[in-house]
Amino acid sequence: TNKPLHLGHLRNNFLGDAVSRILEASGYTVQRVNIVNDRGIHICKSMIAYDLFGQNETPASAQIKGDHLVGNYYVKFDQAYKKQIAELVQQGMDEETAKKEAPLMVKAQELLNKWEQGNQEVIDLWKKMNTWVYKGFDETYGKIGISFNKIYYESDTYLLGKDIVEEGLEKKVFFKEEDGSVWADLSDEGLDKKLVLRSDGTSVYMTQDLGTADMRYNDFNFDKCVYVVGNEQDYHFNVLFKILKRLNRPYADGLYHLSYGMVDLPSGKMKSREGTVVDADDLIAEMILTAQSQTEELGKIEGFTTQQASELYHILGIGALKYFLLKVDPKKRMLFNPEESVQFQGNTAPFIQYTHARIAAIVRKADELGISYQNKKDFETVVTLEPAEQTVIGILSEFPRKLAMAANTYSPSVIAQYVYDLAKEYNRFYTEVPIFNAPDPQTLSFRIAFSAVVAKMIRVNMDLLGIQVPDRM
RNA sequence: GGUCUCGUAGCUCAACUGGAUAGAGCAACUGCCUUCUAAGCAGUAGGUUACAGGUUCGAGUCCUGUCGGGAUCACCA
């Protein structure tokens, strides 16, 4: 792609990462794979705008991340393009024709053709600008702790799948129209006919996805393959999976589309072209800044080095952001209100992280006092449990079932909700039941051990979400 | 228009896949720091689960219809 990451991408990446972690914890070996759309007319638009207005600007000279720089040229193209359309319409051309015949669009098409023909000059510029974009993405992915085992580029894969079209024709899964275009007819399953190859013999999205499905199976020989893709592509994946099934692919039954809902703003849907998107880098920076100001306001960084403090702000800010996007059922669309969504109280990551930090303080103190709590015999005669302790233990015992549910439904929100309930209930214990003023040494040992177990479970669950927990905050 | 999807407190979300009195947070109000971190805890108030039928011993959850939001139905990806 040629546009910077936004909030929707964050939901996508956090979901993919968390689901990977949950499946790993459930015994699967997981390969995280990303597909980068690095070719097509949209890239050409950025390239043209750069050619026209760029004056050899680079991310270094402009002091701006590469993905933002390239994204800005995409916007510049669109502005100039719209102007040209308006002028043509003014001269009496109808809008549809104007959109196609505006000089800039014609130029972009020419550029795409040159790219496909391997024109060296075009390829060089394309590579240069792509490198900037990837570097920008790497920086963002680094900040949010997301990584992949393998990255596929569409410039390498966009010609795949044509052999499968041939195979499908032989197997009568596809049929050919008079103009030479090839289609899949799924009308007997309540779906429409779907184009799989253009009349000029070039591929479309479906062709490519048929090819990449085979490629991924050859690369990884997977039992399951989870596509984390937004729900606006439900129909596409429905068709894709049905076609692969009809082609008797051995892996067809293991394919799953983790279809997640869009992130809406109070003003409505995010639209890149209209600039109504929440930029990922801006949001990340804002979350970290908010974490900093909240922490300083509460005066909680006594004894922290500058380095430690900035690490804490990062853990809190990124954690709050991840948790906010993961606590909601993936299937559902969700609303992001910039004014209200950046919160650190209530059902948020900082609340859970705070609970962990308090327990860590208790454990530190116990260790300093030399209190023994690591062995069962330290407290095995304790039988009376406070109500709050009983409730917490009940929650702890639910973990295996919750993990299984999260894995089966590909739903990190199950884990998020669970760890919140655990922290919430522990906090009740924390205020109601004294620990260091426990009535006897064995109860004291038990309550410390009990707290340590809760801290461990908080850490384990937050780790499933890809969220770190601090020992002090 | 066809298909899919959603509609739960003022707002954002839960409800363990059909079980008992529908739960949290935010916002509002009331208390609690001389005691382990108040980013916390306790409490008050807030609901005819869009609406109308149906299935069931039992429905927010299942079926039908209506209304309302969203997505999709490209020789774009």
Side-chain angles (χ1 to χ4, degrees), chain A residues 1 35 37 39-43 154 158 177 179-183 190-209 229-236 238-239 259 261-262 264 266 268-269 291 294-295 297-300 302 316 320 324 327-329 331-337 339-341 343-366 369 388 398 401-402 404-406 408-409 411 413-414 416-418 420-421 423-424 426-438 444 447-448 451 472-473:
Chain A
T1 182
I35 292 199
N37 176 5
R39 64 165 283 279
I41 191 76
H42 56 290
I43 310 277
E154 284 194 16
Y158 79 104
E177 282 284 1
D179 63 2
S181 58
V182 180
W183 300 74
L191 301 171
D192 285 331
K193 292 167 184 166
K194 190 79 184 176
L195 182 84
V196 295
L197 199 71
R198 288 197 190 101
S199 52
D200 64 4
T202 57
S203 32
V204 289
Y205 185 33
M206 189 59 75
T207 327
Q208 201 180 130
D209 263 1
V229 183
N231 64 7
E232 76 270 19
Q233 295 194 36
D234 282 356
Y235 185 74
H236 173 78
N238 199 350
V239 171
S259 161
M262 299 292 102
D264 291 327
K269 196 186 168 184
Q294 295 253 340
T295 306
E297 205 173 296
L298 292 166
K300 295 220 172 178
E302 244 177 87
L316 295 178
F324 176 81
K327 73 174 173 185
V328 179
D329 183 341
K331 292 192 290 290
K332 294 193 177 178
R333 49 193 317 204
M334 61 184 295
L335 188 113
F336 179 81
N337 185 335
E339 263 99 62
E340 293 169 14
S341 297
Q343 297 225 327
F344 289 72
Q345 288 91 31
N347 190 355
T348 64
F351 169 89
I352 298 161
Q353 290 165 321
Y354 177 68
T355 307
H356 180 271
R358 280 163 131 192
I359 298 176
I362 286 169
V363 171
R364 275 196 304 272
K365 184 169 172 182
L369 295 173
E398 283 175 21
R401 216 190 69 217
K402 293 288 182 182
M405 192 191 301
N408 293 336
T409 59
S411 197
S413 66
V414 172
Q417 209 63 44
Y418 172 74
Y420 172 69
D421 288 341
K424 174 110 186 101
Y426 178 83
N427 280 332
R428 197 161 74 83
F429 161 82
Y430 182 91
T431 44
E432 282 179 7
V433 181
I435 293 176
F436 290 100
N437 289 328
L444 169 65
R447 288 179 183 166
I448 292 164
S451 298
R472 295 169 204 267
M473 65 181 275

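Chain A is the first sequence line, chain B the second, and so forth, proteins listed ahead of strands; every chain is numbered from 1.
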K.L.:
Between A:Glu398 and A:Phe436, which has a closest nucleotide on RNA chain B that is more 5'?
P.N.:
A:Glu398
K.L.:
In this structure, how many angstroms lie between the P atom of B:rA77 and the CG atom of A:Leu197, rounded?
P.N.:
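Rounded to whole Å, this separation is 12 Å.
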K.L.:
For A:Lys365 and B:rU37, is the shortest distance between a side-chain N/O and OP1 or OP2 below 4.0 Å?
P.N.:
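A:Lys365 to B:rU37 OP1/OP2: no side-chain N or O under 4.0 Å.
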K.L.:
In the structure shown, which nucleotide is the Watson-Crick or G-U wobble counterpart of B:rA14, with both distances under 3.5 Å?
P.N.:
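The answer is none; no pair meets the criterion.
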K.L.:
Suppose we define a pair by two distances each less than 3.5 Å, Watson-Crick or G-U wobble; what does B:rU44 pair with here?
P.N.:
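The base-pairing partner of B:rU44, which may sit in any strand shown, is B:rA28.
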K.L.:
Mind checking side-chain contact (heavy atoms from CB on, under 4.5 Å) for A:Ala438 and listing every partner two or more places apart, or none if nothing turns up?
P.N.:
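With neighbours one apart ignored, the set is A:Thr443, A:Leu444, A:Arg447.
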K.L.:
For a quick check of understanding: with a heavy-atom distance under 4.0 Å over all strands, which category does A:Val363 fall into, base, sugar-phosphate or nothing?
P.N.:
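Counting heavy atoms under 4.0 Å across all strands, no contact is made by A:Val363.
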K.L.:
Regarding A:Ser451, tell me which of base, sugar-phosphate or nothing describes its non-hydrogen contacts under 4.0 Å with the strands shown.
P.N.:
nothing
K.L.:
Contact class for A:Asn231 (heavy atom, under 4.0 Å): base, sugar-phosphate, or nothing?
P.N.:
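Sugar-phosphate contact only.
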K.L.:
If we call it a pair only when both distances are under 3.5 Å in a Watson-Crick or G-U wobble match, what pairs with B:rG19?
P.N.:
B:rC57
K.L.:
Name the nucleic acid region contacted by A:Tyr205, choosing base, sugar-phosphate or nothing; use a 4.0 angstrom heavy-atom cut-off, strictly under.
P.N.:
base
K.L.:
Is any side-chain N or O of A:Arg198 closer than 4.0 Å to OP1 or OP2 of B:rA77?
P.N.:
yes
K.L.:
Base, sugar-phosphate or nothing for A:Leu316? Non-hydrogen atoms, less than 4.0 Å.
P.N.:
base
K.L.:
Remember a base hit wins even if backbone is also touched, and classify A:Lys300 as base, sugar-phosphate or nothing at under 4.0 Å, heavy atoms.
P.N.:
base
K.L.:
Could a donor-acceptor pair under 3.5 angstrom be found where the side chain of A:Asp179 meets the base of B:rC75?
P.N.:
yes
K.L.:
Report which part of the nucleic acid A:Glu154 touches: base, sugar-phosphate, or nothing (heavy-atom distance under 4.0 Å, all strands).
P.N.:
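Contact class for A:Glu154: sugar-phosphate only.
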K.L.:
Counting only side-chain N and O atoms of A:Asn427, is one of them less than 4.0 Å from OP1 or OP2 of B:rC41?
P.N.:
yes
K.L.:
With heavy atoms under 4.0 Å as the rule, sort A:Met262 into base, sugar-phosphate or nothing.
P.N.:
nothing
K.L.:
Check every strand shown and say whether A:Leu298 touches a base, only sugar-phosphate, or nothing at a heavy-atom separation below 4.0 Å.
P.N.:
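Contact class for A:Leu298: base.
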K.L.:
Between A:Lys332 and B:rA14, is there a contact of a side-chain N or O with OP1 or OP2 at under 4.0 Å?
P.N.:
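Yes, A:Lys332 has a side-chain N/O under 4.0 Å of OP1/OP2 on B:rA14.
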K.L.:
Let's test your reading of the model: under 3.5 Å, does the base of B:rA39 pair with the side chain of A:Thr295 as donor and acceptor?
P.N.:
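Yes.
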K.L.:
With a distance cut-off below 6.0 Å to the six-membered ring centre and an angular limit of 45° from the axis, does A:Lys327 pair with A:Tyr420 as a cation-pi contact?
P.N.:
no
K.L.:
Want to settle it: does A:Thr348 or A:Asp234 sit nearer the 5' end of RNA chain B, counting the closest nucleotide to each?
P.N.:
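The 5'-side residue here is A:Asp234.
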K.L.:
Indicate whether OP1 or OP2 belonging to B:rU37 is found under 4.0 Å from a side-chain N or O atom of A:Arg364.
P.N.:
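Checking A:Arg364 against B:rU37: no side-chain N or O falls below 4.0 Å of OP1 or OP2.
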K.L.:
Which part of the nucleic acid does A:Ile435 contact within heavy-atom distance under 4.0 Å: base, sugar-phosphate only, or nothing?
P.N.:
base
K.L.:
Syn or anti for B:rU17, please, going by whether the chi angle lies within 90° of 0.
P.N.:
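That one's syn.
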K.L.:
Taking the ring centre of each residue, are A:Phe336 and A:Phe324 less than 6.0 Å apart?
P.N.:
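So the answer is yes for these two rings.
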K.L.:
Mind checking the C1' distance from B:rC75 to B:rG7? Whole angstroms is fine.
P.N.:
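Between the two C1' atoms, the distance is 37 Å.
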K.L.:
Looking across every strand, which nucleic acid part, if any, lies under 4.0 Å from A:Tyr420 by heavy atom: base, sugar-phosphate, or nothing?
P.N.:
sugar-phosphate
